There are 2 protein chains.
Amino acid sequence: MRASTGDGEQDLEAPASPPRQAGRRGPRPAGQATISRVAEAAGVSRATVSRVMNGSPSVNPELAARVRAAAEALDYEPSAAARRLALGRTGAVALVVPDLSNPLFQSVLRGLSQAAGRAGRQLLVAESDEDPEEEVILALEARRNSDALVLASPRAPDERLRALGDRLAPFVLVYREVAGLDAPSLSIDNAAGIGAVVSHLAGHGHRRLAYLAGPDGSAGNAERLAALRALAQAGPGIELTVLACGSMFEHGHAAASRVAECGVSAVVAFNDMVASGVLTGLRELGVRVPGEVSVTGFDDIPFARYTTPPLTTVSIPQSELGRQAWERLRGLMNGEGGGYNVRYQPRLLIRGSTGPAPA
Amino acid sequence: MRASTGDGEQDLEAPASPPRQAGRRGPRPAGQATISRVAEAAGVSRATVSRVMNGSPSVNPELAARVRAAAEALDYEPSAAARRLALGRTGAVALVVPDLSNPLFQSVLRGLSQAAGRAGRQLLVAESDEDPEEEVILALEARRNSDALVLASPRAPDERLRALGDRLAPFVLVYREVAGLDAPSLSIDNAAGIGAVVSHLAGHGHRRLAYLAGPDGSAGNAERLAALRALAQAGPGIELTVLACGSMFEHGHAAASRVAECGVSAVVAFNDMVASGVLTGLRELGVRVPGEVSVTGFDDIPFARYTTPPLTTVSIPQSELGRQAWERLRGLMNGEGGGYNVRYQPRLLIRGSTGPAPA
DNA sequence: TTGAAAGCGCTAACAG
DNA sequence: CTGTTAGCGCTTTCAA
């Protein structure tokens, strides 16, 4: 056994042992240049090449030029894997969402992707397909391959999240707030949004409302429903019918007949997709909107302006959430702390799908 | 200088030298367990721990249990970075698209995300914001942090792609085909789609058509336009008006008045978003669809069924593209080759936005 | 400013 | 079946 220097400076030429089975295991795409090869070609040490590649100012310009030339000539690209290991950071951030087909999460993805991209970071994305348990696993996994995480997990139980808090950190929670969790959260004030909707509707003389409920267990749905119930109880005379529905177009579409039958003058949909679906369904049934029944959505997805009639809905700062999430991550990664939680106050957008209650 | 064994088996206790500035550089989140610590705790070698963690069958069950217990007790999680370096692969695949807000790319993202997720791989996503040059840079960068790449780059010039072919490999191209490029491609037969649209329209007696053109430089737009022109020239008497438009709702919306003025009986939109926009615009102008003018889309995005009237459009296998892309990547990564290129043949979906030409 | 050396944490060929 | 050993390719003290 020979004492090694810990690194193979001298092993460039084949030693006594049989040449390592070529093409089998080589981490690099076959003949990819390594820092050692560049160093050799430029006649400097690996440390110097490293410095040059990382733009250290304290390198003799002439040397630097030589190194750059050698790197160029060899088509050298630093190994991301090796840097990750040596540096102890990945240069990536991760996003975990329940469902990539949901416009809400798409906006966050987009905002985050752009912000992270501008900062020169990779973005890892994972989708749990609405399975809360899977979500947590994915989050852990994603977190191991990144430096920080944005988690949208409307269904996972509070305790589960609290239990995993430090294995997930640093991370930020979006569209949700969990008490006692040590992570910044960016969420929506659902109650305020519902409040605005209801007072708009009440102002138009609507008394009997239906709520097209979102998925069971969704934190957003729970809050919206609770707000509605509270309003119905406290209010002067609002009568609330809750209809189980879902979160997709089809769900809303399928609920149209139940809406028509239950004799309400206005329907508050869990979100814009459901609202659009019910709009279409109602039209097919010959029910006039907003003449006979008014419809409201939630979220203000891009399509909401293009339904017929255009959807009155609650607007929330979707892509802002992505951007903010990035800011928080950045803070967290720099050890600056994640800042205060924020609850975005939604804004009611009155378009054509609501009007006076029929006499 | 002392002869090292190449790895710090013996350095668990602080040596003579000053304890490395704590909390500054440590690759692991402070006190994270390493394979060495686990090995020590279980009284075995690191190789054995590695074997156990990777489920090698040739490990004494009793030892394996001991190792697992130790790992558990120490909250050990293998370092992804170290594995990447040692293994020479990242375990991730990447997707680069021009625009994450485009439903077309969202579907690919989704299909790919699910397929890759099921296979236990991470997914890296990057968005170029429609800048073809940026796209190529991002692709290179993404590729360095993954094992294979799916590239949607409708605008980058053919030569550019050919030039970078081997630095990008293994990769697959979606929604596009580039001659002489050594990468499988999955694309749409745009001409066939347009053909179906035109014959449907012609069958309804439409003679004067407008094309709402997509972005300049988009490969898909070019093909659709070329097909339309060819048909207009060859055809019995189709008169084509090309209107510059774009790819978004707003673009279609804004084009409505030009459509109304140019006296056509049918408009073929670049895609569904444009079609939806023009539908809304036309309605606002009091133009009846399909009574006065028929409208067709392209892509069959989820929302197309929910416009008013529902959109007649060309359906393409969007999420299939994502799944297939994954299959190809898998093949490529296993050295099986990427298979033949495929051009998906679109299908015309006749819904309510088209009808007989007005007399 | 530069180089030598010592890792980062894991895997795998090889020998026993 | 298990341990030893030699890396994977890069960064970063530390000393010159």
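The structure displayed is predicted, hence computed values, not measured ones. Order of the sequence lines fixes the chain letters, A, B, ..., with proteins taken first and strands second; residue numbering starts at 1 for each chain.
The nearest whole Å value for the distance from the CZ atom in Arg89(A) to the C1' atom in dT11(D) is 10 Å. Atom P of nucleotide dG9(D) and atom CG of Leu87(B) are separated by 13 Å, given to the nearest angstrom. Rounded to an integer number of Å, the gap from CZ of Arg66(B) to C1' of dG3(D) is 13 Å. Between the P atom of dC10(C) and the CD atom of Glu40(B) lies a distance of 14 Å, rounded to the nearest Å. One interatomic measurement links the two molecules: CZ of Arg51(A) to P of dT11(D), which rounds to 11 Å at whole-angstrom precision. For the pair Arg144(A) CZ and dG9(C) C1', the computed distance is 13 Å after rounding to whole Å. Across the protein-nucleic acid pair, Ile35(A) atom CD1 and dT12(D) atom P stand 11 Å apart, rounded to whole Å. One can place CZ of Arg46(B) at 10 Å from P of dC8(C), the figure rounded to the nearest angstrom.
When atom types are taken as modelled, the side chain of Arg143(A) and the backbone of Ser146(A) share a donor-acceptor pair closer than 3.5 angstrom. Side-chain N or O atoms of Arg176(B) include none that pairs as donor or acceptor with a backbone N or O of Ser185(B) at under 3.5 Å. Using modelled atom types, no side-chain atom of Arg89(A) and backbone atom of Arg83(A) make a donor-acceptor pair closer than 3.5 Å. Remark: the backbone N or O of Val93(B) is not paired with any side-chain donor or acceptor of Asp147(B) at under 3.5 angstrom.
The nearest heavy atom of DNA chain C to Arg83(B) and to Gly43(A) marks one nucleotide each, and the one closer to the 5' end goes with Gly43(A).
Ion pairing between a basic and an acidic side chain is recognised when a charged N comes within 4.0 Å of a carboxylate O; Glu327(B) and Arg330(B) show such pairing. Contact check on Asp131(A) versus Arg155(A) returns no salt bridge, with no Lys/Arg side-chain nitrogen under 4.0 Å from an Asp/Glu carboxylate oxygen.
Counting non-hydrogen atoms under 4.0 angstrom, Ser50(A) reaches a base of the nucleic acid. Among the protein residues, Val44(A) comes within range of the sugar-phosphate backbone only, with heavy atoms under 4.0 Å from sugar or phosphate atoms but none that close to a base.
Rounded to 10°, the helix from dT1(C)-dA16(D) to dG16(C)-dC1(D) has 30° between the axis fitted to its first five pairs and the one fitted to its last five.
Looking at residues two or more places apart in sequence or on another chain, you find no side-chain hydrogen bond (donor to acceptor under 3.5 Å, both in side chains) involving Glu141(A). Remark: Gln324(A) engages Arg328(A) in a side-chain hydrogen bond (donor to acceptor under 3.5 Å, both in side chains) (not counting sequence neighbours).
Of the candidates dG3(D), dC10(C), dC10(D), dG3(D) carries the atom nearest the Ala47(B) side chain, counting heavy atoms from C-beta on. Distance from the side chain of Pro78(B) is smallest to dC10(C) among dA12(C), dC10(C), dT12(D). Out of dA12(C), dT2(D), dG3(C), the shortest distance to the side chain of Thr48(B) is found at dT2(D). Distances were taken from every side-chain heavy atom of Leu85(B) (C-beta onward) to each of dC8(D), dC8(C), dC14(C); the shortest belongs to dC8(D).
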Please list, one pair per line, the donor and acceptor atoms closer than 3.5 Å that link side chains of residues 59-74 of chain B to other protein atoms, with sequence neighbours excluded.
{"unit_1": "Asn60(B)", "atom_1": "OD1", "unit_2": "Glu62(B)", "atom_2": "N", "d": "2.7"}
{"unit_1": "Arg66(B)", "atom_1": "NE", "unit_2": "Ala42(B)", "atom_2": "O", "d": "3.1"}
{"unit_1": "Arg66(B)", "atom_1": "NH2", "unit_2": "Ala42(B)", "atom_2": "O", "d": "3.0"}

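OP1 or OP2 of dG3(D) lies within a sub-4.0 Å distance of a side-chain N or O belonging to Ser45(B). Taking only side-chain nitrogens and oxygens, Arg84(B) never comes nearer than 4.0 Å to OP1 or OP2 of dC10(C).
Counting only residues at least two apart or on different chains, the salt bridge (Lys or Arg N to Asp or Glu O under 4.0 Å) pairs with a member in residues 164-175 of chain A are Arg167(A)-Glu77(B).
Near DNA chain C, defined here as any heavy-atom distance below 4.0 Å, the residues from residues 52-64 of chain B are Asn54(B), listed numerically.
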